[in-house]
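Encoded as structure tokens, the structure appears first; notes follow it.
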Amino acid sequence: MAIINIGILAHVDAGKTSLSERILFATGVITAVGSVDKGTTQTDTLELERARGITIKSAVVSFQLNNLKVNLIDTPGHPDFVAEVARSLGVLDGVVLVVSAVEGVQSQTRRLARAVRAAELPMLIFVNKIDRLGARGEPLLEDIRRKLKLRVVAMNTAAGIGLRTAEVATRDRDDPAWRAPLIDLLAETNERVIEEFDRTGGDPSAAFLEAELRAQIAARAIVPVFFGSALTGVGVPDLLAGIESWLPVAEEATDAPVGGTVFKIARRPSGDKIAYARLVSGSLAVRQRVVLRCREASGEIALIEERVTGIDRFASGTTLAAQAASAGDIVGLHGLRAARIGDRIGTGEAGAKESTQAFPPPALESVVRPVDLSQITPLRAALEQLAEQDPLISLRQRNEEGEISIRLYGDVQKEVIMETLARDYGLGVTFGPSQTMCSESPLGTGEDAECISANGNPFYATVGFRVEPAERGSGIRYVRELGSLPPAFYRAIEDTVHETFVQGLSGWNVTDCVVTLTQAGFDSVLSTAGDFRKLTPLVLMRALRLAGTEVREPVEELDLDIPEDTLGAVRGALVNARATIRDTVYDGSSLHITCEIPTAELRDIEHQLPGLTRGDGEWVSIFAGYARVSGDPPTRPRAGPNPLNRAHYLAEVALS
Ligand SMILES: Nc1nc2c(ncn2[C@@H]2O[C@H](COP(=O)(O)OP(=O)(O)OP(=O)(O)O)[C@@H](O)[C@H]2O)c(=O)[nH]1
Ligand SMILES: [Mg+2]
């Protein structure tokens, strides 16, 4: 049977979970529609999701449309949980983007539309909540075109919009009022449509138009739009028919070697670990041994072989234990103890696109402390399990007292982690204030070296490094100039370069630089990889100190549309928030401002804007990388011995 994997994406509260629930009802998977407000839906199953009425983790459910099996991933809309969306994007065949007919295109809607485009996925739009007061129809289509820069076709029309009794009517595909604009739209991107139009005397067949529309949807040139309501169920049959007729199904290559990607890790209360994966090629059976390919921090690929002890397939709203699964499907795999999110399974085609940097990493860091200080070890173990399910929280031990810091997107995520630790692990914790995660990059070039048995070098190793600035967003590029060390020593040096640059001169992650290994030597009798591991931080950090660094903070590009007479107030607030205004344009109805603003200031400004613009302002922000912090650079407490204090470092490290 053909399979398609789709994700439901939207701004928080647009109705993704309600729509998923309604779809399960409409396809006969459930006999009663659960409600988000009562905490009875199929996809918000975590206690915390039910208590808060928001989705926190993505969840897979499956249903059937005639001969098509659909795996549907309901994702969270809150920006604090955007990592869940990012991980899902890599395993999807298509996306349903939900836009609330009342709230319209919102900030997260724009970010998600961009991410879907970057992931090169075809998309359908469901305009939800047409039953609610304030819902808009046609004008919203224009907003979607303009704000999301999409070419859209409405597949149905809504009547009685804004009323509980709102209805939809499927567009008649023979109606000239539907055909004519569609032909124009299709012709914009394909000459063939004009040729066919001329050839048929202006009357191309319905079959031709449908084939062309399908091709352009698959090629992401056109997005079909469906109006409806998850609450009353109208429009949902149109959407389902749309999923079936317009989205391309997963390519099946079942006779190839197995290949797949892990996108989610979960643990049963029993501790049993489940790795959720999309199979892209081949097939997999219980008791089969598979190779896991994990990417280490240094970029190296580690291979681990493990045995699959169980396979869960999604079917009709639940999971069923299966003996085997094949390409195209999403499955839960048991027995893969080493599996991590992002790992590739098997030797076959990996399929998932390299994670597109569609969303920035978490911008905040905060220290977690157990209320009962003797609980530091269980807390670390619990956080390690949480990090397995969400690697971006990046645990970090800050000092010898074992204080742990984690990275976060925001306060809601902080509260959710706190509640999870209390509920699932019985651990009371407090969080320190959140600090914005900066990065550090070299300002100039610095070079240093230390030779074997010279100047009090206590290690049997020679290394020299040059550290130079590189272009923004380029990360750390490591270059080997010369030498003939055994490969294990080269690997030790390279790994240690990455480990050392987790903290620069001010304690931040060092990035956007080229590190060149300029010298390397060893003693064939005495040298060990450990000598290289211990010497590298000393030399590398001295080279970095000679280069000097600048501290950069995450920034967003903020675009605002505001009433003309509010410019003074808005500009004042932006300047106070350390924004750099790039452009101000008046288009006859509103003022358009483009500026760059530190991520740390964004939430505060977003709170002020409605007041400053009498509720008439609209804005959207997109992560724009890192920019130099003006004034005194913030510092971050170092973890572990500091290589810049030679005596202290040697005392801590040399003899260990
Ligand atoms: N009137 C009306 N209300 C709706 C509709 N769809 C959802 N809602 C309500 O909108 C609120 C949010 O719905 P959810 O389904 O939780 O939204 P979501 O997009 O899953 O939210 P997150 O997962 O937290 O991002 C709930 O109170 C729903 O009852 C609709 O079609 N009409
Ligand atoms: Mg939800």
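For ligands, and for the atoms within them, numbers begin at 1 and follow the listed sequence. The structure presented is a predicted model; accordingly, all values stated were derived computationally and were not measured.
- No side-chain donor-acceptor contact under 3.5 Å links Ser229 and Arg22.
- Around the Mg ion (ligand 2), the protein contributes the following N, O or S atoms at distances under 2.8 Å: Thr17 OG1, Thr55 OG1.
- If you look at Leu231 next to ligand 1, the close heavy atoms, those under 4.0 Å, come from the backbone and the side chain alike.
- Looking only at side-chain heavy atoms (C-beta outward), Val234 and Ile130 come within less than 4.5 Å of each other.
- Contact analysis leaves Ala10 out of contact with ligand 1, as no non-hydrogen atom separation drops below 4.0 angstrom.
- Minimum interatomic distance between Val223 and Met123 (heavy atoms only, all atoms of both residues): CG1-O, 3.5 Å.
- When the heavy atoms of Val236, Val98, Asp13 are ranked by distance to atom 12 (C) of ligand 1, first place goes to Asp13.
- Under 4.0 angstrom from ligand 1, the non-hydrogen atoms of Arg132 all belong to its side chain.
- Looking at Asp44 against ligand 1, nothing comes within 4.0 Å, counting heavy atoms.
- For ligand 1, the atoms lying closer than 4.0 Å to a non-hydrogen atom of Val12 are 24 (O), 25 (O).
- Of the candidates Lys16, His11, Arg164, Gln108, it is Lys16 that places a heavy atom closest to atom 19 (O) of ligand 1.
- Counting atoms of ligand 1 from 1 in the listed order, those under 4.0 Å from a heavy atom of Val36 are 14 (P), 15 (O), 16 (O).
- For ligand 1, the polar-atom distance check against Gly77 finds a nitrogen or oxygen pair separated by under 3.5 Å.
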